[in-house]
Protein chains: 2
Amino acid sequence: MSNKRVTIYDLAREMGISVSYISKALNGHPAVSERVKNAVRKLAEERNYKHNSQAVNLRRGSARTIGVIVPQIDKSFFSEAIAGIEEVCSENGFSLIICQSHDSYEKECEAVSTLIHQNVDCVIISISAGTHSPDHLRNLQANGIEVIQFDRYIDELDSFKVISNDEEVSGDVVKDFIRKGYNRIAFIGGPEHLTIFRLRKKGYLKTLKEAGLPILKRFVFDDSLSKEQASAIAANLLTLENPPDAFFTVSDEQALGVLQAARALGVRVPEDLGIVGFANESFTGIVSPTLSSVDQKSKEMGKRAANLYFESMTVKQRGGPVSVKKDIIKAKIISRESSRRDADKPGSL
Amino acid sequence: MSNKRVTIYDLAREMGISVSYISKALNGHPAVSERVKNAVRKLAEERNYKHNSQAVNLRRGSARTIGVIVPQIDKSFFSEAIAGIEEVCSENGFSLIICQSHDSYEKECEAVSTLIHQNVDCVIISISAGTHSPDHLRNLQANGIEVIQFDRYIDELDSFKVISNDEEVSGDVVKDFIRKGYNRIAFIGGPEHLTIFRLRKKGYLKTLKEAGLPILKRFVFDDSLSKEQASAIAANLLTLENPPDAFFTVSDEQALGVLQAARALGVRVPEDLGIVGFANESFTGIVSPTLSSVDQKSKEMGKRAANLYFESMTVKQRGGPVSVKKDIIKAKIISRESSRRDADKPGSL
DNA sequence: TTGTAGGCGTTATCAG
DNA sequence: CTGATAACGCCTACAA
């Protein structure tokens, strides 16, 4: 039953040649004749030989593996990013270890530990909402592991970063609202210690100011990432005497929360209330009304992040200097029903 | 910069004691005095020592790891199941390697190969739609790796199985439809080579028959798992002279496809058309109308699957016989708006 | 209580 | 072409 694993020793014994020769044959070493190679491969196949990655990696000193840490894998933004990373990795013969932080700092640290133990060569991470300090990431770097941040990042950490033009596109959202006649625009943000949420808020505030619209403090909320929080905030604001006529949220979950609150109160979307979220999650296209959102090109972000690693490897091997930098991927507003007021044409901006 | 990894040799050299003693201290071996243990641990912490899992696993002959293969991680059914597996694994000090088959047989085989190479102790799998034969899974078993199937399984493979009472609950769905006055019930199924889809269809057919309702061949479709296929089928049937008044689908994606087709044709749901899907995906609760679905208790399925492994390990260690068996978890209809016709009370069945 | 030696499976190096 | 040997980092008999 529980057959012992077949090793190259077994093959060597059976063929009456040495282990090292078997190894070379299996790896296509040029110093081995085709005849022997074929014979060895045939036997390996027959005996169902599988190399032991543990041993290979130990020997090589690298696992040829990239670790990925994201808050949740069941959000399409992240699963698409992972798909992008996976694609580039497999092209380069690397594997992936996927970890979830569930937006908890402790879980994120655990994941970091696991990945160090697993001897990964690189960690691609989107920071959890509960993470305030980058020390655990410095720990990775101290172990010679390349760190690449995407989307949610900590600016002060010296690492590659793949991000959206958050401030700019947030401004675009506000401008789009204004153009459509919305002018009492509320904002529901995320934790301020993460740069992207600061930038999205900055873009919102700046654009309101430039447009000469008043900034109402009671319309601006931070650190309310959950659907429930957003829903509560919306329910609250919508029952004010002078309620907002639009919500810009930094995530689609929040946008959904706002939509549900509006529904519950009988507020019509988009006629009485415009809503735009962030990330272009797959559910935004199937709720009714469909939700407008900022598409961050998640898959491309993932691909870019992984490529950054392989490119920097090549440069390093050549001894060239690696300039740490931010890679900005332009996001784009996907205009759907929830912000389609007035003469706005169907389709995107 | 790229500091070499710290090993127990480094610690040993620095403290002037032997490697094996360091190892014992780090692992809390009883033969080491508390004083030494503390000193070693302190230094390990200071020097940022991290054990190398590759080496440990190679030595131990097991990676203490479970591999998981599912079609897609961004479906809540699977991500919840994974959450359940993760929970049980971490309780037992095991790690997880997650692979996606994207419903392709080739990708599934690749994943199997990777997991063998990684020396996993067990593979928990939900079979891809493209998989017709269990030979690759036999390969796992031949390498001494326990195989546990859940949800989508191949019956002929001798392994643990954690599954729903598919036939029974499918019958319940049909009965529920009938009770509410729907009696021209169409069925959109999956590939017949996967047992669960056969069983769901069987439950549907059997119950129709028992209820004395005619079985209309043009209302029954196999192997149409995608949203698009389901949508096309629904659009087709709904424009017949005598269209169906209900759809039972074996997935929620299909149910969504039907809903969208109905919307496009102006068919009212649930008044003119009832819809019930399968898996209780998270989006079923946020579309309008909300979609009724069969809740398979995905997280519990995951936990049960993982527990099965650890329990069988314990039994095997005691030398006891392991009786291979199916573990059935009762699914439950979650009745939402899409099937709420007549005097049906809100809430579940 | 402490240390020595061997081996987990693989591959690179060097010698025939 | 072919093979012996050391080493990757760690742990465990066994010895002292």
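Computed over heavy atoms, backbone and side chain alike; hydrogens, waters and symmetry mates excluded. Treat the numbers as computed from the prediction; the structure is a model and nothing was measured.
- Partners of A:His102 by ring pair (Phe, Tyr, Trp, His ring centres under 6.0 Å), not counting sequence neighbours: none found.
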Item to check | Stepwise side-chain hydrogen bond (donor to acceptor under 3.5 Å, both in side chains) test for B:Asn119 and B:Asn57 | outcome: CA-CA 8 Å; B:Asn119 230 341; B:Asn57 296 339; over 6 Å; no
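- Under the ring pair (Phe, Tyr, Trp, His ring centres under 6.0 Å) criterion, B:His117 pairs with A:His51, sequence neighbours left out.
- Residues that satisfy the side chain to side chain contact (heavy atoms under 4.5 Å, CB included) test with A:Ser76, not counting sequence neighbours, are A:Ser79, A:Glu80, A:Glu281, A:Ser282.
- For the contact set between residues 25-42 of chain B and DNA chain C, defined by any heavy atom under 4.0 Å, the members are B:Ala31, B:Ser33, B:Val36.
- A:Met15 pairs by the side chain to side chain contact (heavy atoms under 4.5 Å, CB included) definition with A:Ile17, A:Ile22, A:Ala39, A:Val40, A:Leu43, not counting sequence neighbours.
- For A:Ile17 and D:dA4, the CD1 to P distance is 11 Å, given to the nearest whole Å.
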Donor-acceptor list for residues 91-100 of chain B side chains, cut-off 3.5 Å, not counting sequence neighbours:
unit_1, atom_1, unit_2, atom_2, d
B:Asn92, ND2, B:Val88, O, 2.8
B:Gln100, OE1, B:Ile73, N, 3.2

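- Scored by the side chain to side chain contact (heavy atoms under 4.5 Å, CB included) test, A:Glu45 finds no partners at all (sequence neighbours excluded).
- Every residue two or more places apart in sequence or in another chain that forms a ring pair (Phe, Tyr, Trp, His ring centres under 6.0 Å) with A:Tyr105 is listed here: A:His136.
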Could you list the protein-to-nucleotides 6-9 of chain C atom pairs, N/O on both sides, closer than 3.5 Å?
unit_1, atom_1, unit_2, atom_2, d
C:dG6, N2, B:Arg59, NH1, 3.4
C:dG7, N2, B:Arg59, NE, 3.3
C:dC8, O2, B:Arg59, N, 3.4
C:dG9, N2, A:Ala55, O, 3.4

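- Residues satisfying the salt bridge (charged side-chain N to carboxylate O under 4.0 Å, His left out) criterion with A:Lys107, sequence neighbours excluded, are absent altogether.
- Here A:Lys37 pairs with A:Ala25, A:Val32, A:Glu34, A:Arg41 under the side chain to side chain contact (heavy atoms under 4.5 Å, CB included) rule; sequence neighbours left out.
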Just the table, please: protein N/O against nucleotides 13-16 of chain D N/O, every pair under 3.5 Å.
none

